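Have a look at the structure below before the remarks.
Being a predicted model, the structure only gives us computed values, none of them experimental.
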Amino acid sequence: MLPKFSHVRPSSLRQAVQQLASSGSHVHAGGTDLLGCLRDGVFGAEKIVSITGIGELRGINSREDGAVRIGALTTLSEVATSPLIAQNYALLAQAAAAAASPQLRNQGTIGGNLCQRPRCWYFRGDFQCLRKGGDTCFAINGENEFHCVFGGSRCYIVHPSDTAPALVALDARAHIRGPLGMRVVPLGSFFVLPALDLARENVLRSGEIITHISLPPLAPGSISSYRKVRARGSWDFALAGLALALKLTGRRVDWSRVVLSGVAPIPWRSSETEKVLLGRDLNPRTLREAADAATRGAEPLSQNGYKVELVRGIVEESLRAIMESHPETPSERT
Amino acid sequence: MKQTEISSERNSSTDAQNLEPWTNPTVVGKPLPRVDGYERVSGSAIYPADLILPDMLHAAILRCPHPHAIVKNLNTEAARKSPGVRAIVSSADPEGKLVIPYPWWVPEGPPVLLFDQHCRYQGEEVAALAADTPYQAYDALRLMKVEYEELSHLLHAQDALKPGQPLLHNTGNLVRRPDTYQRGDLAKGFGEADVLVEETYETSCEIHATVETHVAVARWEGEQLTVWVPTQAIYEEQKSLAATLRLPVSSVRVISQYVGGSFGCKAELSKHTLIAALLARKTRRPVKLALSREESFLCAGNRPPNVMCLKAGAKKDGSLTALEFTNLGAVGAYADWADAAGWAAGSYACPNIRTQDTEVYINAGKARAFRGPGAAQSAWALEQMIDMLADKIGMDPVEFRLKNVPATHPRTGEPYTSIELRECLLKGAEAFGWTKARVARASSSDPVKRGVGVASCRWITEGGPPTTVIVTLFPDGSATLNMAAADQGTGTKTIMAMVVAEELGIPLQKIHVEHADTGTTQYGKSGGGSHSVMVYAPAVRAAAADVKRQLLEIAAGELKRPAIELSLKDGKIVPVREPGQPKNLSELKDLTRREQIAGIGHPPPEPKGRLIASFGAQFAEVEVNVHTGEIRVIRLLACHDSGRVMNPLTHESQIFGGMVMGIGFALTEQRVLDDHQTGRMVNANWHDYKIPTAKDVPFDQLCLTIDPKDAECNSAGAKGVGEIGTVPTAPAIANAVYHATGIRVTQAPISPMQMLALLAARREAR
Amino acid sequence: MNEDHDLKRTDDPCSRVSRRGFLESVGVGMTGIAVASNLSAQDAEELTEDAEPKKLSLVINGRKHMLIVEPRTNLLYVLREKLGMTGTKPGCERGECGACTVLIDDKSRYSCLTLAFEADGHDVTTIEGLVHGEKLGVVQQAFLEKDAFQCGYCTPGQIMAAEGLLRSNHDPSDEEIREGMSGNLCRCGAYQHIFKAVRRAAELKKEEGSA
Ligand SMILES: Cc1cc2nc3c(=O)[nH]c(=O)nc-3n(C[C@H](O)[C@H](O)[C@H](O)COP(=O)(O)OP(=O)(O)OC[C@H]3O[C@@H](n4cnc5c(N)ncnc54)[C@H](O)[C@@H]3O)c2cc1C
Ligand code: FES
Ligand code: FES
């Protein structure tokens, strides 16, 4: 049962930002993550500021410069089924479709998906863990099967979002409105590692609201995909996932973005893998080297060593599929 | 002359034992929709959680967050003053010392105090309160202050008997003397074997996780207590409540018309039911107590985890020579069953066997019967072991099983009333395309490997008395069926109404089922052990036959014909010689004068010297992605001998449902305790404890049946079906995974995490 | 549909449940009528910051309901405890089972994770809303025919999910059905029959549409 709080539903952004000024207030978009946290006492709230009455935060549209704007209140279902997204950013549509369940996608928003709190069972459960202000991360010596293999320090959460790695791979930017006005943050620098800040997972300051996400156009002919592995067929977070965007000439990689989900406290961009791929032809050797690069530096805990294997597996598998569906590089043939 | 004919007819129909199974039934055996389907699909069925009584309060329970602790101090003052709070019960009250009796199938155990200051499992009840609204109840709960002294905890069966471990009870950590069974000469058997295999198997603790949590609504009228509670066993709960509260049994009424799933976890008196009754008595207002999902994970039962060590030998021709099966199971903090080995002694015709079951306490919620209790865990080990043997001698696993099908019960030597295990294996294999599927493996370069697996199963069921059923016929041709049986989704109501329809020749729509209420029905066995149909179908049939006899007697008097020259068809009396001249029941003046005819039925005793068991074989096809560890079940086929199929729709639902549960058992389900630290369950919710979703079950699911036309088992010719469907599924999947990958996964569940780790280990070993 | 009518309905002694719900939140002793006048006098102040009960109007199954509830109340609670519409079931109250599924503006959602105040201004459809008089809706009919349930507890949620799916996709493929039904757990494991029922319901809807 939810504890007590007040609820306001302003109709303008200005009002919403004002309402958020008081301490203990939280943004409510779809509420699917927020209400779960409040019910389980992960954190408390004095006031819920619902932004669902603010029309300008909805919808997907393309802009003249070729960029696409996704309002923060756009539901995951809308993202997953939008022809505009499917045509231009297949991996985002796939990532949104792979999240949670149909009902949650009908209700959960893209803004909320980026800002949802971690799913670590100690954090969500009745444990006074480090991230909640306690003094231990229980994952270190505990049940850490689902925890991170990259980027952990003191706390070993993984970032739960499926759309976040996709958006990072697409060089998307978050447009943020706060008490001091607007600011724009590339998604690649939106998320925060525990080493930097233990109490939050992103750069949002209190009182700030994501208004929309903008996506630059992908170079023509680019391909992208999102591959998610989970323990159960649906309704399950990623054990590991791979957001991949590539520009190829034949089988030669001209540009790539490789971002992993489910393995780090933030969407984990693997620049090393991108480096391996750059200018190389996709062939079994490149695939192997790319997979190696993606796992380099992994520091598994006692129970999550499988994630290293898994990263290797999905990187190889996804690249192989792309390799097999593309003709060999013309220069090679001649 | 006529007189004697009538009385002989009477004798044969009252004596239910003489009823032969139907030869050409017209209603029984048809795929009819459920009689309570309308209520269930329209949302109008009232489950206990849906009940709203005037002036009703809502209760909530304060639970110990630690697996092992002493309550040092409990302060309820702030909670008591919280808005809407009407009553609190805790260990400070005399009621706190009430002792909950064990159900009849658990013969003894340490006393279960309602509020024990020594808390032995996470979630143990510490106090409870009732408030005007559920929100107020939870607000108040947050204000209760408890000081605990944490004790060191014991989480693993393997540690329970070691020195230096915490003792749960002053009797120690052993639940009961290990149960050992032996036949033949084990050493000799191993000596005769051409191949020997040895392996340890483990199953995880599985939670029932019914979609409806446990709920109780209690109301007192003077000294009369009524409790609405979803349960398979109204009379068991009535008896236990009466004993605990020291009330005459007749003062307690238990009602359970709709049960939102049980699988064994709703069949005994739970503390929350007693708490609801106590709070209702204190406040003199009705009280509803609905457990949260988290609570139901912690303290509403589970399938206990087992560690099973097996050694088996076979000859090259496939005959089993010896089997040793040692099981260690953890029942949780109070007595229950965690057996597995004993089951194996009856599975195959093996001359030399030794089994041993040892059960211990650990600091976790108590086990409860869970669909195929013991048998499912046992099959996980044994059915994989059989595959290993077959593999070792290079024999097809189906053939190997056929070789060892027992003719009689191997443990007692008693014959079965029917056994079609052989047919199940053969017909199943044929329909599955087994031989071809065994050969057609994926090419070695493809990371997605395909494999098929088989497992067989057996489940013994007992019907028989005591149970009383009443069927009442009205002159308008409608009837009421009155019986104790609950219907937790098994279709019991529908099937029993079909039996009445069959016997009395009246349409299903005209039969009303009044059931699962100790206040209005007669004693009947609980719906457990898969025996509902075996107990109730013969009883209902006998009651209906009793009605029919009386009706024909009345008609015989009025029509001046001997009763045997009359029959009952489509709700009308039809003279056998003049079928064109039927008579409506409403035309029978004597019947109208009597207003109704009531027939009483009991199930006849079980056949002597014979065992009744259901059998089956299941086949699975899986795909394993060796890059990602993902396992997909792409095909499941079941072929079962459960006697007569009373209703193919509900029968198939039972088997499919069991198989889906088996998928969860095999691939995803596992209680996770915070092993090295707090000892608490970290996945007491439906996201982290993963039961199968629509995307985890294959489209290709088939259920075949074999009807042995068993005339001996009972007058319905039906055997049990409720539990057996889940028993072989998980090992069939594990065997398929082995066939696909060459990796034998001995520990359930076969998660992608485990699969990846095993694949990596194999790569390194090479 | 008009407010007056519905306020009277709320005060109707025959619908005890609604009335009780009403009184519970405004304090015993007041009559429903007094509350009503009280309400209409009170200006709808959008941004009151108060955790105490406040006025809310909801349109459920085409009918408007006036309520007074705490801001923290979820839609599931309002349906069941305030309005006595107990067809919608609780299973987990955290978006992990689907038993509480309702339609909001034709889309399936979990009522447990929807604050009652968030449903304001939207059309809520519950399992009760699919029945026409005594007649089952086509999805309900299909579930009945195919035995697409056992204990029936998850069933209202399954039916609402199927209804939502079919409202947006008239002719779903097998894979789309499976995906569409993947937000509802069934512990009885009735999925196979549920798939059949959804296929059947799609047919029935088509027949109904063409009739
Ligand atoms: C059972 C379950 C399974 C799930 N599985 C997955 C999964 O597999 N993959 C996945 O990606 N997600 C998964 N989710 C998460 C789900 O997708 C998110 O809950 C959802 O996307 C959040 O959106 P919302 O609009 O409901 O957010 P809310 O709950 O409203 O908000 C979430 C958080 O973000 C903040 N917030 C929301 N919008 C904004 C904004 N515009 N600006 C600033 N802050 C904001 C809120 O204050 C809050 O802290 C799952 C959730 C559940 C309950
Ligand atoms: S009760 Fe809402 S999803 Fe379970
Ligand atoms: S029918 Fe019982 S949970 Fe689905």
So which bits of residues 178-186 of chain C come within less than 4.5 Å of chain B, counting non-hydrogen atoms only? Arg178(C), Glu179(C), Met181(C), Ser182(C), Leu185(C)
Please list, in residue-number order, every residue in residues 92-99 of chain C that has a heavy atom less than 4.5 Å from any heavy atom of chain B; write 'none' if there are none.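 Within residues 92-99 of chain C, near chain B: Cys92(C), Arg94(C), Glu96(C), Cys97(C), Ala99(C).
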Quick one: which residue pairs count as a ring-ring contact (aromatic ring centres under 6.0 Å, His included) with a foot in residues 124-170 of chain C, not counting sequence neighbours? Tyr47(B)-Tyr153(C)
Which region of [X], side chain (C-beta onward) or backbone (N, CA, C, O), has a non-hydrogen atom less than 4.5 Å from a non-hydrogen atom of chain C, or is it both or neither?
{"X": "Ser42(B)", "answer": "both"}
{"X": "Thr650(B)", "answer": "both"}
{"X": "Gln488(B)", "answer": "backbone"}
{"X": "Glu39(B)", "answer": "neither"}
{"X": "Val660(B)", "answer": "side chain"}
{"X": "Phe263(B)", "answer": "side chain"}
{"X": "Asp487(B)", "answer": "neither"}
{"X": "Ala209(B)", "answer": "both"}
{"X": "Pro31(B)", "answer": "neither"}
{"X": "Lys288(B)", "answer": "side chain"}

Hey, what do you get for CD1 (Ile46(B)) to OG1 (Thr86(C)), rounding to the nearest 0.5 Å?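 Between atom CD1 of Ile46(B) and atom OG1 of Thr86(C) there are 4.5 Å.
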Work out which heavy atom in [X] is nearest to a heavy atom in [Y]; give both atom names and the distance.
{"X": "Gly91(C)", "Y": "Trp686(B)", "value": "O-CZ3, 3.6 Å"}
{"X": "Val259(B)", "Y": "Cys151(C)", "value": "O-CB, 3.4 Å"}
{"X": "Pro33(B)", "Y": "Leu144(C)", "value": "CB-O, 3.7 Å"}
{"X": "Thr73(C)", "Y": "Tyr135(B)", "value": "CA-OH, 3.3 Å"}

Chain B contacts, top residue of [options] (heavy-atom pairs, under 4.5 Å):
{"options": "Gln141(C), Glu134(C), Glu70(C)", "answer": "Glu134(C)"}
{"options": "Gly87(C), Gly157(C), Cys188(C), Ala148(C)", "answer": "Cys188(C)"}
{"options": "Ile194(C), Asp174(C), Thr155(C)", "answer": "Asp174(C)"}
{"options": "Pro90(C), Gly152(C), Gly137(C)", "answer": "Gly152(C)"}
{"options": "Glu128(C), Glu175(C), Lys146(C), Arg72(C)", "answer": "Arg72(C)"}

Report yes or no: does [X] contribute a side-chain atom to a donor-acceptor pair with the main-chain N or O of [Y] at less than 3.5 Å?
{"X": "Arg34(B)", "Y": "Asp147(C)", "result": "no"}
{"X": "Gln150(C)", "Y": "Thr490(B)", "result": "no"}
{"X": "Tyr191(C)", "Y": "Gly657(B)", "result": "no"}
{"X": "Gln192(C)", "Y": "Pro698(B)", "result": "yes"}

Top contributor to chain C contacts, counting heavy-atom pairs under 4.5 Å, from [options]:
{"options": "Ser653(B), Gly43(B), Gly260(B)", "answer": "Ser653(B)"}
{"options": "His208(B), Glu294(B), Met659(B)", "answer": "His208(B)"}
{"options": "Asn685(B), Leu51(B), Thr213(B), Asp696(B)", "answer": "Asn685(B)"}

Test side-chain contact (heavy atoms from CB on, under 4.5 Å) on Ile177(C) and Phe699(B); report intermediate values, then the result. CA-CA 11 Å; Ile177(C) 289 175; Phe699(B) 284 122; 5.8 Å; no
What pairs of residues pass the side chain to side chain donor-acceptor pair (under 3.5 Å) test when at least one of them lies in residues 158-167 of chain C, not counting sequence neighbours?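 Qualifying pairs: Asp106(C)-Arg167(C), Glu163(C)-Arg167(C), Glu163(C)-Lys205(C).
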List the steps and the verdict of salt bridge (charged side-chain N to carboxylate O under 4.0 Å, His left out) for Glu669(B) and Arg187(C). CA-CA 12 Å; Glu669(B) 295 185 37; Arg187(C) 188 49 158 169; 2.7 Å; yes
Over 12 non-hydrogen atoms of neighbours within 6.0 angstrom of NZ in Lys107(C):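 Check fails, neighbour count at 12 or below.
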